[in-house]
Amino acid sequence: MNSELERFVAACVARGESEEEGNSKKATKQYKIIDSIFLKLKETNRLEELQTLYDHEDLYVRLYAASRTLGLPNSGAEEVLTMLSSHRGLLGFNAEMTLSEWRKGNLKR
């Protein structure tokens, strides 16, 4: 795994933990890291690399990888988010809301 994906994974794990703890300051910091890596991958036409994280052991890594690859041809992102939406708690809610907003056309890539 390249260093950008490793940083993405670490930020996703930390964001998930901070969300579960209710630490919004830490969650926001991690979101900025996730977003900056996403933008770098997008600028260099490497978003498909995030698809390799769909089976990651940490469900928040799956959540953020799938949410950032919605709209890529044959990405499978909607299927990942649908599976995650069946989980209880914040993770499932986030996946469900991401899918809902995507289907309404409110999320653009």
Side-chain angles (χ1 to χ4, degrees):
M1 186 180 316
N2 69 46
S3 63
E4 287 164 335
L5 285 185
E6 289 172 359
R7 287 181 48 231
F8 185 89
V9 166
C12 292
V13 170
R15 178 159 168 98
E17 290 171 355
S18 59
E19 284 182 349
E20 295 289 336
E21 296 167 356
N23 186 337
S24 61
K25 185 176 181 179
K26 184 179 176 186
T28 299
K29 179 181 177 185
Q30 298 307 316
Y31 178 83
K32 289 178 182 178
I33 295 168
I34 292 166
D35 201 46
S36 71
I37 296 167
F38 162 74
L39 291 173
K40 186 173 184 179
L41 292 172
K42 183 178 179 182
E43 289 170 3
T44 55
N45 295 315
R46 295 170 44 218
L47 283 179
E48 68 281 345
E49 291 178 26
L50 293 176
Q51 294 171 302
T52 65
L53 302 175
Y54 286 177
D55 293 323
H56 195 275
E57 63 188 24
D58 187 279
L59 298 180
Y60 279 96
V61 172
R62 294 181 194 185
L63 172 69
Y64 295 115
S67 68
R68 295 299 190 276
T69 54
L70 280 166
L72 289 181
N74 304 311
S75 73
E78 286 191 57
E79 291 82 1
V80 173
L81 290 169
T82 298
M83 185 276 299
L84 293 172
S85 69
S86 67
H87 286 262
R88 300 178 86 127
L90 194 54
L91 176 86
F93 177 76
N94 284 343
E96 186 177 327
M97 291 308 298
T98 300
L99 277 173
S100 174
E101 291 303 304
W102 172 253
R103 290 173 178 154
K104 289 178 187 175
N106 293 333
L107 299 178
K108 304 291 181 216
R109 295 288 171 238

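Heavy atoms only: backbone and side chains are in, while hydrogens, waters and symmetry mates are out.
Summarising the geometry, atom CG belonging to Leu81 is positioned 4.5 Å from atom CG belonging to Leu99; distances are rounded to the nearest 0.5 Å. Once rounded to the nearest 0.5 Å, the distance linking OH of Tyr54 with CG of Leu63 reads 11.5 Å. To the nearest 0.5 angstrom, Phe8 atom CZ is 6.5 Å from Leu53 atom CG. Atom CG in Leu70 sits 7.5 Å away from atom OG1 in Thr98 (nearest 0.5 Å).
Paired with Leu50 under the rule side-chain contact (heavy atoms from CB on, under 4.5 Å), one option of Ile37, Leu5, Val61 passes, and it is Leu5.
Scanning all heavy atoms of the two residues, the minimum distance from Ser85 to Ala95 falls at N-CB, 3.6 Å. Closest non-hydrogen pair, Ala66 versus Ala77, comes out as O-CB, 3.3 Å. Considering all non-hydrogen atoms of both residues, Arg62 and His56 come closest at NE-O, 2.6 Å.
Every pair passing salt bridge (Lys or Arg N to Asp or Glu O under 4.0 Å) that includes a residue from residues 46-56 is listed here, sequence neighbours excluded: Glu4-Arg46, Arg46-Glu49. For the salt bridge (Lys or Arg N to Asp or Glu O under 4.0 Å) condition, no pair includes a residue of residues 80-93, sequence neighbours left out.
Listed by chain and residue number, Tyr60 satisfy the side-chain hydrogen bond (donor to acceptor under 3.5 Å, both in side chains) test with Glu20 (two or more places apart in sequence, or in another chain). Listed by chain and number, the residues in a side-chain hydrogen bond (donor to acceptor under 3.5 Å, both in side chains) with Asn74 amount to none (sequence neighbours excluded). Judged as a side-chain hydrogen bond (donor to acceptor under 3.5 Å, both in side chains), and not counting sequence neighbours, the contacts of Arg103 are Glu78. Among residues two or more places apart in sequence or in another chain, the side-chain hydrogen bond (donor to acceptor under 3.5 Å, both in side chains) test is passed with Glu101 by Asn106.
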Contacts table for residues 11-19: side-chain donor-acceptor under 3.5 angstrom, sequence neighbours left out:
unit_1: Arg15; atom_1: NE; unit_2: Glu19; atom_2: OE2; d: 3.0
unit_1: Arg15; atom_1: NE; unit_2: Tyr64; atom_2: OH; d: 3.1
unit_1: Arg15; atom_1: NH1; unit_2: Ala27; atom_2: O; d: 2.6
unit_1: Arg15; atom_1: NH2; unit_2: Glu19; atom_2: OE2; d: 3.0
unit_1: Ser18; atom_1: OG; unit_2: Ala14; atom_2: O; d: 3.0
unit_1: Ser18; atom_1: OG; unit_2: Arg15; atom_2: O; d: 2.9
unit_1: Ser18; atom_1: OG; unit_2: Ala27; atom_2: N; d: 3.3
unit_1: Glu19; atom_1: OE1; unit_2: Tyr64; atom_2: OH; d: 3.2
unit_1: Glu19; atom_1: OE1; unit_2: Asn94; atom_2: ND2; d: 3.2
unit_1: Glu19; atom_1: OE2; unit_2: Tyr64; atom_2: OH; d: 2.9

Using residues 29-36 as the side-chain source, report each donor-acceptor pair under 3.5 Å to any protein atom, sequence neighbours left out, with the distance given to one decimal.
unit_1: Ser36; atom_1: OG; unit_2: Lys32; atom_2: O; d: 3.4
unit_1: Ser36; atom_1: OG; unit_2: Ile33; atom_2: O; d: 2.9

field: Worked check of side-chain contact (heavy atoms from CB on, under 4.5 Å) between Leu84 and Leu59
entry: CA-CA 8 Å; Leu84 293 172; Leu59 298 180; 4.0 Å; yes

